[in-house]
Amino acid sequence: MHHFYYKDSELYVEDVPLRSLVERYGTPLYVYSAQTIIDHYKRFDRSLQDIDHFICYAVKANSNQRILKLLVELGSGFDLVSGGELYRVLRAGADPQKCTFAGVGKTQSEIEEALQAGIYSFIVESEEELLEIDKIAAKRSTKAPVAFRLNPGVSALTHAKITTGTDLNKFGISLDLIDEVFEKCSRLENIYCRGLQMHIGSQIQSINPFLEAIQKVIPWVEKAKKKYGAEFFDIGGGIGIVYEKAMESGTEAWWQERNELLTLNRYAEEIVPLVKPLGMKILVEPGRVLVGNAGVLVSRVIYVKKGIAKKFVIIDAAMNDLVRPAFYEAYHQIVPLKETAHGPLEVVDVVGPVCESSDCFAIDRLLPEVKAGDYLALLSAGAYGFSMASNYNSRLKPAEVLVWGKQVQLVRKRESYQDLVALEEQLS
Ligand SMILES: *Cc1c(COP(=O)(O)O)cnc(C)c1O
C-alpha cells in the first residue's frame, strides 16, 4: 500500500502532482508520503494489539528528522545503531525508554551517551562489549539494561550483503556461547539482563526464516525470563517490501489477490501465536517496511545516448543519491512522471553521471520512450535511499520533501557547493 498513483496521466503523491514538486525544488529530489508511513505504522501496531509490544523503528532506514518526529507522534520507539542516531531521535522528541541501541562496535562515548539518555536497553553483541558496558556503568554508578542479540544460525534467504543471522556473520552471539554469557552477566554488578533480541537480515520475503529463527531461540528466551528476570523479547526487523511491481502494489485490491506475499498482517498472524505464550513484552524493529514504499527519487533525463549495442538514458540522479542498485544489485521500478501508457516502449540502460560502471539503475529495462528533459521516478526509494547518500564525485546530496495530503514540506534543503567544503580547511 502506498499513495503514489496516476491521475490524468500525471504521477501524484497523495494530493500533489510530482511535477509541481520538481518545478519548485529541482532534481534529483526525494519525495515522501507521510500518509503511507502513518498507514504502515498503524497497521503494524494494530496487528500486534493482542500482545504487550512496542515498535522500535530502525532509524538507519531513513533518518530524516521530520520523519522521526512523525513517528514520535505516532508513539514509536527507535532502534539505534550509533550515537548520531541517538542524537537525532532525542532531538525529534523520542522517549528514550522506547529506544534500543544495537551494533557490534559501540564505542565508549556512544555507551556513555546512551546511559546518559536513559535508553530502554542496549542490544549486546559480544561478551567483550558486555564487559565494556559494565565498566562504564560502574564509573557512573548505575546499572545498565542489556539484551543479548542471539544469532540463531538461520539463513534469511535474502541478498548476502543483508544476511545477518548465520555463524559466518559478525552479528550476535551464537546459541552455543549464550549460556556462558548469561552466567557472566549474572556475575557483573553494573548490568542486568532485561531481554533477548534477534535480527536475521533484511528484505525477507517469506515468513519461514522468521518462524524458524524464533522457534530456535525461544528456549533461551524462556530461560532468560525464568532464571535472569528478562522482561522482553525483541524479534528484530527485516520484513521485505515490493520492488518489482511497486507502482501496482499501491492498492488494497492488488494485495488481496496475492496471498503469497508477506504483509504486516500475515507476519503478525504467524508470529503472535508463537510469542504470546512467553508472556513477555515483544519488540519489533521494522525499518524498510515502514518507509520503503513511502518514498521515490525523482530525476530528470539529461541525455538519451545511442551507443552501438545499447541505448542509455542518462539521468541526473546517481549512485551517490541512491546506492542500492550498485551496492546490492537492487531493483527499483522506474516510471515516468507523465504516463504514456500507449506510447512506444524501448529497451534501455538507465544510468547516472558518476564515473563508475556500477552507477547504473537499470540494465536492459523496457521503458516508455523518453527524451532529454523528461522526468522519471525511481520507486521504493524511501528506505536506505537518502540515508546511504554520499557526496561522491563532489555531487550535492538531493533535497527531501514530505507530502501530507495537500501539504508540502521541504524537510531537507538541497546541498550547495559551499556545503561541500564547509568543514575543510578554508583556503584564503
Ligand atoms: C537494519 C536493522 C533493522 C531494520 O531492518 P529492516 O530490514 O529495514 O526492517 C532492525 N534491527 C537491526 C538490529 C538492524 O540492524
Side-chain angles (χ1 to χ4, degrees), residues 37 40-41 43-45 48 53-64 67-68 71 76-82 84-86 89 98-106 110 114 119-126 129 146-152 156-166 169-173 195-207 209-210 213-214 217 232-243 262-264 267-268 271 282-295 323-324 327-328 330 380-388:
I37 300 171
H40 288 158
Y41 180 88
R43 192 180 289 254
F44 202 14
D45 200 36
L48 298 170
H53 73 277
F54 63 86
I55 295 175
C56 291
Y57 166 66
V59 173
K60 72 181 189 288
N62 187 323
S63 45
N64 184 283
I67 287 177
L68 299 178
L71 287 157
S76 187
F78 297 93
D79 171 49
L80 314 171
V81 293
S82 72
E85 289 189 351
L86 174 63
V89 300
K98 282 186 177 171
C99 292
T100 55
F101 189 179
V104 297
K106 299 174 197 74
E110 286 175 322
I119 60 160
Y120 178 67
S121 186
F122 288 94
I123 308 292
V124 168
E125 309 227 12
S126 66
E129 180 193 339
V146 303
F148 298 106
R149 177 168 180 173
L150 301 178
N151 186 331
L157 309 174
T158 182
H159 192 277
K161 285 190 185 166
I162 48 178
T163 293
T164 59
T166 80
N169 301 121
K170 68 183 175 183
F171 299 100
I173 301 169
L196 287 185
Q197 189 257 20
M198 56 165 242
H199 173 72
I200 55 174
S202 198
Q203 185 53 17
I204 300 170
Q205 290 170 289
S206 79
I207 191 71
F210 293 110
I214 291 174
V217 305
F232 79 94
F233 178 29
D234 179 342
I235 57 179
I239 304 171
I241 61 168
V242 170
Y243 283 100
L262 184 61
T263 61
L264 289 169
Y267 173 86
I271 299 290
I282 302 299
L283 272 57
V284 286
E285 301 171 346
R288 189 189 311 267
V289 75
L290 294 188
V291 295
N293 284 336
V323 79
R324 297 189 67 260
F327 203 28
Y328 309 115
S380 326
Y384 307 105
F386 189 91
S387 65
M388 294 179 87

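As the structure lists them, so they are numbered: ligands from 1, and atoms in each ligand from 1. Residue indices begin at 1 and follow the sequence shown.
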Nearest non-hydrogen protein atom to atom 8 (O) of ligand 1, with distance, is Tyr384 OH, 2.6 Å
For atom 2 (C) of ligand 1, the closest protein heavy atom turns out to be Lys60 NZ, 2.3 Å
Return yes or no for this condition: an N or O of Gln197 is under 3.5 Å from an N or O of ligand 1.
no
Whether Lys106 engages the ring of Phe122 as a cation-pi pair (distance to the six-membered ring centre under 6.0 angstrom, angle to the ring normal within 45°) should be assessed. no
Smallest heavy-atom separation, Cys56 atom then Lys98 atom, equals SG-O, 3.6 Å
Tightest non-hydrogen contact, residues Leu262 and Ile204, listed as CD2-O, 3.8 Å
(message) Is there a polar contact, in the sense of an N or O pair closer than 3.5 Å, between Arg288 and ligand 1?
(response) yes
Heavy-atom closest pair (Ala102 atom, Asp79 atom, distance to 0.1 Å) is CB-OD1, 3.9 Å
Looking only at heavy atoms, the pair that brings Phe44 and Pro286 closest together is CE2-CG, 3.6 Å
* Asked: Are Val289 and ligand 1 in contact, using a heavy-atom cut-off of under 4.0 Å?
  -> no
For Leu68 and Val89 the tightest heavy-atom approach is CD1-CG1, 4.1 Å
Counting heavy atoms under 4.0 Å, the part of His199 that contacts ligand 1 is side chain
Quick look: Ser202 vs ligand 1, heavy-atom contacts under 4.0 Å, and the answer is both
Does Gly237 reach ligand 1 with a nitrogen or oxygen that is under 3.5 Å from one of the ligand's nitrogen or oxygen atoms? no
Shortest non-hydrogen pair, Pro152 vs Ile200, comes out as CG-CG2, 3.5 Å
The closest protein heavy-atom partner of atom 13 (C) of ligand 1 is Glu285 OE1, 3.5 Å
Quiz prompt | Gly238-ligand 1 polar pair, N/O distance under 3.5 Å | solution = yes
